[in-house]
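Contents: one structure, followed by commentary.
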Amino acid sequence: MKSIEEIRNEIESFKIENAETLEQFRLAFLTKKSDIQALFGEIKNIAPEERKAFGQVINELKDRAQQRFDENKEKLENAQSAQSQIADVTRPSNTVSVGSMHPISIMMNQVRRIFEDIGFTSVTGPDIEDDWHVFTALNFAEEHPARDMQDTFFIELHPDILLRTHTSSLQVRTMEKQQPPIRVICPGRVFRNEAITSRAHCIFHQVEGLYVAENVSFADMKQTLLYFAQRMFGPEVKIRLRPSYFPFTEPSAEMDISCNICGGAGCNLCKHTGWVEILGSGMVDPNVLENCGIDSKKYSGFAFGLGIERMTMLKYTTNDIRLYFENDVRFLQQFKSATK
Ligand code: DAH
């Protein structure tokens, strides 16, 4: 018969490397026919006063064998399940949480696409501008209130440098570089020193449009803007042009669309008028053309500027402009399906 010491050594040195050797281990140490069980059979031949100590030793042996078996069984099972995870290429992958595009970006892209379809090219320019491109070239009088510190963020050390208050500065930059025909849209961020409320923010986005060529008329502008409104808000939408004033256009008009919430019947959003304003527009003032080096006798053009936040609020019926800047995921997630 094997000695306790021998069996202990065998238990410790037995190499368990796979299911087969694990089974061999079990057969060797954990069955009724094992050497350990044979030792239990010997108890009756031991002197009564030593039986307890002997029994304890073989119980420890048995426990140790069981412990090695359990540990190795678990190890092999873990390895096996890791292996099967890698091997099963048909298994669905873990879900990846996909973000959504910001509603302002979605709207900017939509506007861009609609105008690109009729031959407009998208151009961008600097957020930090100078007085010439934002005001002077656009025919703002020296004392025009828009230049006032109330509305414009000036750079303290350089009163000539400011954050652009509108994307109309890009009209100037475009016409300075390029002769007609010109057909551009200019999306961008603009800045105004305004109190932040549910309807106004100190940062927002505009898309400027400019069309300059020979014989461009007010009717061309009206048709272009109608085309835009119907593609953006649906074929049933109506537009309305109201006379207005901008230093850089003459004549000037603000454009309303029929309220897309109540269909013109009157609701809170349109303040029960059935109409909501979405953009400013007009025929480019000849002074502006001349300021940019374009012959105003030969060429005419129209321009328009629309507020992206306002249009997004209308299209997706949100009632607080601040939501667009807070980036609360619960708000943004709702635009997942509109991302494409
Ligand atoms: N720049 C104007 C604004 O920020 C919007 C605008 C009005 C742009 C008329 C134009 C225009 O090009 O023709 O309120």
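Index from 1, following the sequence. Only a predicted model underlies this, so the values are computations on that prediction, with no experimental measurement involved. When a ligand or atom number is given, it counts from 1 through the structure's own listing order.
Which parts of ligand 1 touch Phe304 is read off a 4.0 Å heavy-atom cut-off, strictly below it: atoms 8 (C), 10 (C), 11 (C), 12 (O), 13 (O). Every atom of ligand 1 is numbered from 1 in the order shown, and the set under 4.0 Å from a heavy atom of Thr249 is 13 (O). Atoms of ligand 1 lying under 4.0 Å from any heavy atom of Phe246, numbered from 1 in the order shown and given with element: 7 (C), 9 (C). Atoms of ligand 1 found under 4.0 Å from any heavy atom of Ser168, numbered from 1 in the order shown, are 1 (N), 8 (C). Residue-ligand proximity, Gln171 to ligand 1, at heavy-atom distances under 4.0 Å covers atoms 12 (O). Listed by number with element, the atoms of ligand 1 under 4.0 angstrom from any heavy atom of Gln206 are 3 (C), 4 (O).
In terms of N/O distances under 3.5 Å, ligand 1 is not approached by Thr165.
When each of His205, Gln206, Arg322 is tested with Glu309 by the rule side chain to side chain donor-acceptor pair (under 3.5 Å), just one qualifies, namely His205.
A salt bridge links Arg330 and Asp328; the closest N-O separation between the charged side-chain nitrogens and carboxylate oxygens is under 4.0 Å. With respect to the salt-bridge test (charged N to carboxylate O, under 4.0 angstrom), the residues Arg64 and Glu12 qualify.
Of the protein's heavy atoms, Phe248 CE1, 3.4 Å lies nearest to atom 11 (C) of ligand 1. For atom 14 (O) of ligand 1, the closest non-hydrogen atom on the protein side is Arg192 NH2, 3.8 Å. Nearest protein neighbour of atom 8 (C) of ligand 1, counting heavy atoms only, is Gly305 N, 3.3 Å. Ranking protein heavy atoms by distance to atom 12 (O) of ligand 1, first place goes to Glu208 OE2, 2.5 Å.
Relative to atom 9 (C) of ligand 1, the option among Cys186, Ala303, Gly280, Gly282 with the closest non-hydrogen atom is Gly280.
Not a single donor-acceptor pair under 3.5 Å links the side chain of Ser105 to the backbone N or O of Met101.
Taking the ring centroids of Phe204 and Tyr324, they lie at or beyond the 6.0 Å cut-off. Checked against the 6.0 Å centroid threshold, Phe331 and His102 do not count as a close aromatic pair. Between Phe304 and Tyr211, the distance separating the two ring centers is not shorter than 6.0 angstrom.
Looking at Asp131 and Thr136, their side chains do bring a donor and an acceptor atom within 3.5 Å of each other.
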